[in-house]
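Basis for what follows: all heavy atoms, side chains included, without hydrogens, waters or symmetry-related copies.
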Amino acid sequence: MCPALGIFDLAEGAEPPTAESGYAAAANAARAVGDWGRVGAGRGATVGQWRGEFLPAGIGWSAVRFRDVVVEAVVVLNAFGEPLRDLPVTSDGVFEWPDGSLLPPVKGNTTIGVVSTNAALSKVECHLVAQGAHDGLARAVTPPHTRFDGDAFIAASTGGARTRPDTDVVRAMAVAAVERAIDSVEIG
């Protein structure tokens, strides 16, 4: 099985991809290994529609370690919300939704990502780690997981670590890795 994820960015004015553009993208990606931001899948990514904005976003990356276990996250941030830590609630508990919000949004939003680890995990445990990735998104983006977002994460295990941590430790590491990857995306 070979899963695939993509963001909807054709509203950014891009032409629909062709086979030739796919080959060109692969060649460019091979030269740009280690580049993050508005490249590849992150080229047309935006955030901030919940405030009536279209702020450029892109690709972010992070890695976290526990003993010899590593969890890495690569995230394409294309959210209806945006990276904010504080919910729009006043000190007396009044929820403030921005007046300029685009409801329904002008275009689709999908934050996607891959969480990989060298911990030995089963298919079910990978599923739990992918769920943890969504928790990391919810910690980093306000508002998260709206009905205008099509967020998806894939988790993969290479099984090369000597340490065999509990699945909940790896899941918590995924939360932190995704949150940090989103924080690494330069907005604007």
Side-chain angles (χ1 to χ4, degrees), residues 3-17 25 32 35-64 71-116 127-155 171-188:
L5 300 173
I7 68 168
F8 178 81
D9 63 355
L10 294 180
E12 288 294 307
E15 293 292 320
D35 286 352
W36 306 106
R38 291 186 61 78
V39 297
R43 180 176 159 263
T46 62
V47 295
Q49 287 185 45
W50 81 294
R51 292 187 306 109
E53 306 250 351
F54 290 92
L55 304 171
I59 298 177
W61 171 87
S62 174
V64 297
V71 174
E72 292 186 313
V74 176
V75 177
V76 179
L77 182 60
N78 188 52
F80 181 68
E82 65 188 298
L84 294 174
R85 286 290 177 257
D86 297 322
L87 292 172
V89 178
T90 64
S91 60
D92 56 349
V94 175
F95 187 80
E96 296 179 331
W97 190 267
D99 289 336
S101 179
L102 299 176
L103 290 174
V106 175
K107 65 178 201 121
N109 304 99
T110 304
T111 295
I112 60 173
V114 175
V115 177
S116 59
H127 178 76
L128 293 171
V129 169
Q131 288 177 334
H134 284 279
D135 295 339
L137 170 65
R139 288 176 54 145
V141 173
T142 299
H145 298 305
T146 71
R147 61 194 167 106
F148 309 117
D149 292 301
D151 307 325
F153 284 90
I154 295 171
R171 182 179 175 152
M173 292 172 71
V175 172
V178 168
E179 183 177 17
R180 289 170 46 105
I182 289 171
D183 288 345
S184 77
V185 176
E186 188 174 319
I187 305 300

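- No side-chain heavy atom of V185 sits less than 4.5 Å from a side-chain heavy atom of V75.
- Contact detail for A174 and V115: the closest heavy-atom pair is CB-CG1, 3.8 Å.
- In this structure, Q131 places its CD atom where more than 12 heavy-atom neighbours from other residues, nucleotides or ligands lie under 6.0 Å away.
- By the side-chain hydrogen bond (donor to acceptor under 3.5 Å, both in side chains) test, S62 pairs with R180, sequence neighbours left out.
- Across every non-hydrogen atom of G81 and P143, the tightest pair is CA-CD, 3.7 Å.
- Counting only heavy atoms from C-beta outward, the side chains of T146 and W50 never approach each other to under 4.5 Å.
- Inter-residue side-chain proximity for T46 and N78 is flagged as met; some heavy-atom pair is nearer than 4.5 Å.
- Partners of L103 under the side-chain contact (heavy atoms from CB on, under 4.5 Å) rule, at least two apart in sequence or in another chain, are F80, W97, S101, F148.
- With rounding to the nearest 0.5 angstrom, the CD1 atom of I112 is 12.0 Å from the CG atom of L137.
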Walk me through whether T111 and V47 qualify under side chain to side chain contact (heavy atoms under 4.5 Å, CB included).
CA-CA 10 Å; T111 295; V47 295; over 6 Å; no
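- Under a 3.5 Å cut-off, the side chain of T142 and the backbone N or O of L84 do form a donor-acceptor pair.
- Of all heavy-atom pairs spanning I182 and P83, the tightest one is CG2-CG, 4.1 Å.
- For H127, the ring-ring contact (aromatic ring centres under 6.0 Å, His included) criterion is met by no residue, not counting sequence neighbours.
- Under the salt bridge (charged side-chain N to carboxylate O under 4.0 Å, His left out) criterion, D135 pairs with R171, not counting sequence neighbours.
- Residues G58 and A45 share a closest heavy-atom pair of N-CB, 3.9 Å.
- The side-chain hydrogen bond (donor to acceptor under 3.5 Å, both in side chains) test applied to D99 returns no partner, not counting sequence neighbours.
- Among all heavy-atom pairs drawn from A152 and L5, the shortest one is CB-CD2, 3.6 Å.
- The two atoms that bring E82 and G48 nearest to each other are CB-N, 4.1 Å, heavy atoms only.
- Every residue two or more places apart in sequence or in another chain that forms a salt bridge (charged side-chain N to carboxylate O under 4.0 Å, His left out) with E53 is listed here: R51.
- Contact of the F153 side chain with the V129 side chain is not registered, since no non-hydrogen atoms from C-beta on lie closer than 4.5 Å.
- A heavy-atom distance below 4.5 Å is found between the side chains of L77 and I187.
- Checking side-chain atoms of H145 against main-chain N and O of H134 turns up a donor-acceptor pair under 3.5 Å.
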